[in-house]
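Side chains included, hydrogens not; waters and symmetry mates left out as well; all remaining heavy atoms used.
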Amino acid sequence: MKTKTEQDSKTLTVLFLRELADMYDAETRIAKALPRMAKAAVSEDLKQAVLAHLQETKEHSTKIKEIYSLFDKKVKGKTCKATVGLLEEADEIAEEFKGSPSIDAALIAALQKVEHYEIASYGCLHAWALLLGNNDAADIIGTILDEESAANDKLNELAEFQCNITALGETGDEDSPEIIHRNATPSKK
């Protein structure tokens, strides 16, 4: 049976700060990885999207420090094992598909896995900040969440209308879905 002290240390605030530390590490690691991914990309549009998100990612680390100060805490390091794994996978896929028509599609898949992890994490943090009554923290996290969602939307757009089509075109088949897709009118969202 857990003691009262052990139970008291497992509060929502403790969980919030633990997960925030996880995201601080994640953002730091992602900021180091994005230049490699941009360099591996063939599509100029993808390179630019990755580099634009790099700037946002660096700002996210600063925003997380700001959130910590709202809780009168200093940033603590905590290894984000999920991000470590996702970035290792991204490096592997970039190496495996280097020079192929599918490289950009592969990079987008790897990048979107990272974005989806971030979106899920920041979604929880946002809800918890609201429950904890810290609207300033919730606002900052909401801004980060919006930027992560926009980055994911941009990756979706690049995948759908450019990079996946290029990857599909490696067959050279005139009846391929690539030819059919290029003749189709893009759907409105």
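The side chain to side chain donor-acceptor pair (under 3.5 Å) pairs that include a residue from residues 108-121 are Asp22-Tyr117, His53-Glu115, Glu89-Lys113, Gln112-Asn152, Gln112-Asn156, His116-Asn152, where partners are two or more places apart or lie in different chains. Applying the salt bridge (charged side-chain N to carboxylate O under 4.0 Å, His left out) test to residues at least two apart or on different chains, the pairs with a partner in residues 49-68 are Lys63-Glu147.
Taking NE2 of His126 as the reference point, atom CG of Leu131 lies at 10.5 Å (rounded to 0.5 Å). Interatomic distance, Ile144 CD1 to Leu125 CG, rounded to the nearest 0.5 Å: 9.0 Å.
Asp104 places a side-chain N or O within donor-acceptor distance of the main-chain N or O of Ser43, the cut-off being under 3.5 Å. Listed for the Lys76 side chain is no donor-acceptor partner under 3.5 Å among the backbone atoms of Ala21. Judged purely by atom type and a 3.5 angstrom limit, Lys47 uses its side chain to pair as donor or acceptor with the backbone of Ala38.
Between Leu20 and Val75, every side-chain heavy-atom pair lies at or beyond the 4.5 Å cut-off. Under the 4.5 Å side-chain criterion, counting only non-hydrogen atoms from C-beta, Ile67 is not in contact with Tyr24. Residues Asp136 and Asn134 form a side-chain contact, since some pair of their non-hydrogen atoms from C-beta on lies under 4.5 Å apart.
The shortest non-hydrogen separation linking Ile103 to Ala94 is CD1-O, 3.5 Å.
For Thr13, the side chain to side chain contact (heavy atoms under 4.5 Å, CB included) partners at least two apart in sequence or on another chain are Thr11, Leu17, Phe71, Leu132.
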